[in-house]
Amino acid sequence: MKPKIFIDGEHGTTGLQIRTRLAGRGDLEVLSIPEAERRNKDLRADFLKEADVAILCLPDDASKEAVSILEGHNSTKIIDTSTAHRVHPDWVYGFAELDRAQRQKTVDARLVANPGCYPTGAISLVRPLRDAGILPGDYPVTVNAVSGYTGGGKQMIAQMENPDSPDHIAANHFLYAMPLKHKHVPELQTHGHLERKPIFSPSVGRFPQGMIVQVPLFTDDLNGNVSMQDIQAALSAHYEGQSIVQVVPLAESAMLPRLDPEELRDTDIMKLYVFGTEGQGQVNLVALLDNLGKGASGAAVQNLDLMLGNA
Ligand SMILES: NC(=O)C1=CN([C@@H]2O[C@H](COP(=O)(O)OP(=O)(O)OC[C@H]3O[C@@H](n4cnc5c(N)ncnc54)[C@H](OP(=O)(O)O)[C@@H]3O)[C@@H](O)[C@H]2O)C=CC1
Ligand SMILES: CC(=O)N[C@@H](CCC(=O)OP(=O)(O)O)C(=O)O
């Protein structure tokens, strides 16, 4: 029997991309709710209970509701793409490359929280340096980022694309979350193993999919007398043996005149760069990804395969 998959929120931005990725999969049966019934709680409950794996692509409150519908119904595994359970102790953080143990934890899990798009980039840069003892726990980490506008879901897509929308956004690039209380901060701190709350300053650009996440560091304030080479080597060692997170060689990074946030659009990989000038005491660590690829839907399908024993 093929495993049954239900994408709750399949007509939204993340859900649609997951459905597209699963469209050609003959090894799975996708249970699909008609678009007009997408908020029909009774029908959703039936599908949630029938599924072997439910992938929640909903706002936080609706995700929590779906989880409560499944309470006591342990035959349905859950992947939640929302922020609701990313620091919850009962949930496994579905970032297989986080450390040596995370892949197996995801394989064994019933409840998996899919990482946020920005945290995927930032944690992928800081966590290996924490684990290697290079980045002190109390380092004052800052994270600056730009996302494609699909990161804001259906509402922001309409605001950016429809000039007749009442809350139309005309800007080509804008900062937001200026009070420094973005919903991703707890996740960044917890899974980045950071003692201090990081400063997170996100922005959005007028392109649909793509993301750059930057973590600048002063190497004098790191542990030991580390060079750019040492930092790149620590990242490379951490991600050795897998193909989704790619650490770019220093020589290649040094040749780049600019970095395009859309470069990895429609892919599920993430590239990590160490920029700077050796000996200057500063580096800019950069993650490049598609906010809907490794940042959301691609990661959800990766987690699905791990949970089904396919990967
Ligand atoms: N977009 C991105 O890049 C990323 C998104 N995520 C997360 O994925 C989740 C979904 O985001 P996204 O796809 O962007 O959002 P969208 O707004 O594009 O889609 C959400 C979908 O959920 C439906 N929905 C909302 N409330 C309910 C409800 N109570 N019952 C049933 N269905 C409901 C919406 O229906 P309706 O059309 O009626 O509103 C819509 O189809 C969020 O939690 C987000 O944080 C994670 C990483 C990246
Ligand atoms: C551009 C934009 O608005 N991005 C969203 C983050 C993407 C998202 O909602 O999902 P995750 O929390 O699961 O990453 C935000 O800043 O709230």
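Keep in mind that the numbers below use all heavy atoms, side chains included, and drop hydrogens, waters and symmetry copies. Whatever order the structure lists ligands and atoms in, that order sets their numbers, starting from 1. The first residue of the sequence shown is numbered 1, and numbering continues consecutively from there.
- Ranking the protein heavy atoms by distance from atom 48 (C) of ligand 1 puts A296 CB, 3.4 Å first.
- Between Y118 and F200, the ring-plane angle classifies as perpendicular under the 30° and 60° cut-offs.
- Contact annotation for Y176 and ligand 2: only side-chain heavy atoms (C-beta onward) come within less than 4.0 Å of the ligand.
- On a distance-only criterion, P115 and ligand 2 share no N/O pair closer than 3.5 Å.
- Looking at D60 and S63, their side chains never bring a donor and an acceptor atom within 3.5 Å of each other.
- A salt bridge links E97 with K294; the closest basic N to acidic carboxylate O contact falls under 4.0 Å.
- Proximity of L292 to ligand 1, defined as any heavy-atom pair under 4.0 Å, is confined to the side chain (atoms from C-beta onward).
- Near G295, with a cut-off below 4.0 Å to any heavy atom, the atoms of ligand 1 are 47 (C), 48 (C).
- Ranking the protein heavy atoms by distance from atom 28 (C) of ligand 1 puts A62 CB, 3.7 Å first.
- With a 4.0 Å heavy-atom cut-off, ligand 1 is reached by the side chain of K183 but not by its N, CA, C or O.
- Selection from L58, I157, T150 by nearest heavy atom to atom 33 (C) of ligand 1 gives L58.
- Considering N40, T81, I55 only, the shortest heavy-atom separation from atom 6 (N) of ligand 1 involves T81.
- In terms of polar-atom proximity, C117 is counted as a contact of ligand 2, with an N or O under 3.5 Å from an N or O of the ligand.
- Checked by atom type, the side-chain pair E161/Y149 shows a donor-acceptor distance below 3.5 Å.
- Nearest residue to atom 39 (O) of ligand 1 from R39, E10, K41 is R39 (criterion: closest heavy atom).
- Close contacts of ligand 1 with G153, meaning ligand atoms under 4.0 Å from a residue heavy atom, involve 14 (O), 15 (O), 18 (O).
- Using a 4.0 Å cut-off between heavy atoms, R86 contacts ligand 2 through its side chain alone, with no backbone atom that close.
- Distances between N or O atoms of E65 and those of ligand 1 include no value under 3.5 Å.
- Checked by atom type and distance alone, the side chain of R196 never pairs as donor or acceptor with a backbone atom of Y139 at under 3.5 Å.
- Protein heavy atom at the shortest distance from atom 3 (O) of ligand 1 is N291 ND2, 3.2 Å.
- Y93 pairs with exactly one of E187, R86, K105, H85 by the side chain to side chain donor-acceptor pair (under 3.5 Å) rule, that one being E187.
- Closest to atom 13 (O) of ligand 1 by heavy atom, among T14, I33, I7, is T14.
- The two residues N162 and H168 come nearest to each other via the heavy atoms O-ND1, 3.2 Å.
- Contact between T81 and ligand 2 is present, with at least one heavy atom of the residue lying under 4.0 Å from the ligand.
- A distance-only check finds a donor-acceptor pair linking the side chain of Q232 to the backbone of V248 [under 3.5 Å].
- No part of N291 comes within 4.0 Å of ligand 2, judged by heavy-atom distances.
- Using a 4.5 Å heavy-atom threshold, the side chains of T219 and I231 count as touching.
- At least one side-chain heavy atom of L129 sits less than 4.5 Å from a side-chain heavy atom of L217.
- Note: an N/O pair closer than 3.5 Å links T13 and ligand 1 by distance alone.
- Looking only at heavy atoms of the protein, atom 16 (P) of ligand 1 is closest to K154 N, 3.7 Å.
- Considering only non-hydrogen protein atoms, atom 19 (O) of ligand 1 sits nearest to G12 CA, 3.2 Å.
- For the pair S82 and ligand 2, the shortest N or O to N or O distance does not fall below 3.5 Å.
- For the pair S147 and ligand 2, the shortest N or O to N or O distance does not fall below 3.5 Å.
- Of the protein's non-hydrogen atoms, R38 O, 3.2 Å is the one closest to atom 31 (C) of ligand 1.
- In this structure, L70 belongs to a hydrophobic cluster whose other members, linked by side-chain heavy atoms under 4.5 Å apart, are F6, L31, I33, L43, F47, L48, L56, L58, V67, I69, I78, W91, L111.
- Under a 3.5 Å cut-off, the side chain of R265 and the backbone N or O of P261 do not form any donor-acceptor pair.
- Remark: minimum distance from atom 30 (N) of ligand 1 to any protein heavy atom is reached at R44 NH1, 3.4 Å.
- Only the backbone of C57 comes within 4.0 Å of ligand 1, judged by heavy-atom distances.
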